[in-house]
Amino acid sequence: MNYFLVKSEPFKYSWEKFNIDGRTFWDGVRNYQARNTLRDMKEGDLVLFYHSNEDKAVMGIAKVVEESYQDPTTTDPNWLVVDLVPLESLKNPVTLAQIKAEEMLKDIHLVRQGRLSVMPLKPEEFDKIVAMGS
DNA sequence: GCCAACGTTGGC
DNA sequence: GCCAACGTTGGC
């Protein structure tokens, strides 16, 4: 079981919209490092859903239900998507400021490499953020 | 709205 | 293959 974090701008695709949809394919990744991470996602892996810009907070937990396949929004074979379903909302969204303030979380990609839109998390980092949000 | 970080592109 | 220029992202 692996753990990840994905980012979305809330006005583009929000956690609320994701919950209404019930399932989505994670498209629009146009960065090789992020693509490689998508490729590593396996069915059943857990993914934190982060809102950039307005909220700057982790909103909830999603689950990978379909491993990577060709991005249906392009014919360019370089790009992939995975299918995600929402699992649960965090009671208290965990803000970027809170994450930065945590000693064990200050080195995660979200902080160190802010522009990356899909990134791996260590199990203990995932657990920590979920615990902070409960 | 500004700016820093950083990935990508293209000229040489 | 290097590196400057440029574009994009995202925090502030």
Side-chain angles (χ1 to χ4, degrees):
Chain A
M1 164 88 70
N2 288 304
Y3 300 93
F4 302 92
L5 183 147
V6 296
K7 272 202 246 195
S8 183
E9 301 180 57
F11 81 89
K12 190 176 161 208
Y13 195 78
S14 69
W15 176 248
E16 290 76 19
K17 176 75 161 53
F18 181 33
N19 275 271
I20 292 165
D21 288 350
R23 176 176 179 135
T24 193
F25 54 84
W26 201 256
D27 68 327
V29 172
R30 293 295 181 270
N31 168 288
Y32 288 104
Q33 198 180 345
R35 189 279 313 270
N36 292 344
T37 306
L38 277 185
R39 202 170 44 197
D40 290 338
M41 289 186 186
K42 301 293 178 212
E43 193 178 334
D45 285 350
L46 296 180
V47 181
L48 293 178
F49 191 111
Y50 174 83
H51 274 178
S52 63
N53 282 320
E54 291 165 40
D55 296 327
K56 282 174 293 179
V58 176
M59 305 304 292
I61 307 168
K63 188 169 76 159
V64 178
V65 289
E66 188 69 52
E67 295 175 14
S68 61
Y69 56 94
Q70 168 70 36
D71 186 335
T73 65
T74 177
T75 54
D76 186 337
N78 280 321
W79 306 120
L80 305 170
V81 298
V82 296
D83 281 5
L84 299 177
V85 296
L87 211 59
E88 59 177 299
S89 296
L90 293 181
K91 239 175 278 170
N92 307 296
V94 178
T95 65
L96 183 61
Q98 285 176 274
I99 289 170
K100 280 184 169 174
E102 279 296 329
E103 184 63 23
M104 71 171 286
L105 297 176
K106 68 178 173 41
D107 282 337
I108 65 174
H109 293 288
L110 181 66
V111 177
R112 301 272 306 244
Q113 205 178 340
R115 294 182 52 208
L116 196 59
S117 59
V118 180
M119 65 199 77
L121 283 177
K122 295 188 188 120
E124 60 268 27
E125 295 164 347
F126 178 90
D127 288 344
K128 179 68 181 175
I129 293 171
V130 171
M132 288 164 74
S134 302

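All chains are named by letter (A, B, ...) in the order of the sequence lines, taking the proteins before the strands, and each is independently numbered beginning at 1. Predicted model, so just to flag it, every value in this text is computed and none were measured.
In this structure, A/Tyr32 belongs to a hydrophobic cluster whose other members, linked by side-chain heavy atoms under 4.5 Å apart, are A/Trp79.
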Taking distance alone, no hydrogens or angles, what donor-acceptor pairs closer than 3.5 Å link side-chain atoms of residues 19-28 of chain A to residues at least two apart or in another chain?
from    : atom 1 : to      : atom 2 : distance (Å)
A/Asn19 : ND2    : A/Trp15 : O      : 2.9
A/Asp21 : OD1    : A/Lys17 : NZ     : 3.3
A/Asp21 : OD2    : A/Tyr13 : OH     : 2.7
A/Asp21 : OD2    : A/Lys17 : NZ     : 3.1
A/Arg23 : NE     : A/Asp83 : OD2    : 3.3
A/Arg23 : NH2    : A/Asp83 : OD2    : 2.7

Mind listing the side-chain donor-acceptor pairs of residues 42-49 of chain A below 3.5 Å, one per line with the distance, residues two or more places apart or on another chain?
from    : atom 1 : to      : atom 2 : distance (Å)
A/Asp45 : OD1    : A/Asn2  : N      : 2.9
A/Asp45 : OD2    : A/Lys42 : N      : 2.9

Check: residues 124-132 of chain A side-chain donor-acceptor pairs under 3.5 Å, at least two apart:
from     : atom 1 : to       : atom 2 : distance (Å)
A/Glu125 : OE1    : A/Lys122 : N      : 2.8

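One atom, NE2 of A/His109, and another, P of B/dC6, lie 12 Å apart when rounded to the nearest Å.
Residues in residues 93-102 of chain A take part in these side chain to side chain donor-acceptor pair (under 3.5 Å) pairs, two or more places apart or across chains: A/Thr95-A/Gln98. Each side chain to side chain donor-acceptor pair (under 3.5 Å) pair with one or both residues in residues 106-116 of chain A, not counting sequence neighbours, appears once here: A/Gln33-A/Gln113, A/Glu103-A/Lys106, A/Asp107-A/Arg112. The salt bridge (charged side-chain N to carboxylate O under 4.0 Å, His left out) contacts involving residues 49-78 of chain A comprise A/Arg30-A/Asp71, where partners must be two or more places apart or lie in separate chains.
Using a 4.0 Å cutoff on non-hydrogen atoms, no part of residues 30-40 of chain A comes near DNA chain C. Contacts with DNA chain B (heavy atom under 4.0 Å) in residues 72-79 of chain A: none are found.
Qualifying ring-ring contact (aromatic ring centres under 6.0 Å, His included) partners for A/Tyr50, counting only residues two or more places apart in sequence or in other chains: none. With sequence neighbours left out, the side chain to side chain donor-acceptor pair (under 3.5 Å) criterion links A/Glu9 to A/Asn53.
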Problem set entry | Reading 5' to 3' through nucleotides 7-12 of chain C, protein heavy-atom contacts under 4.0 Å coded B for base, S for sugar-phosphate only, - for none | BBBSSS

Problem set entry | Step-by-step side chain to side chain contact (heavy atoms under 4.5 Å, CB included) determination, A/Glu16 to A/Met59 | CA-CA 9 Å; A/Glu16 290 76 19; A/Met59 305 304 292; 4.2 Å; yes

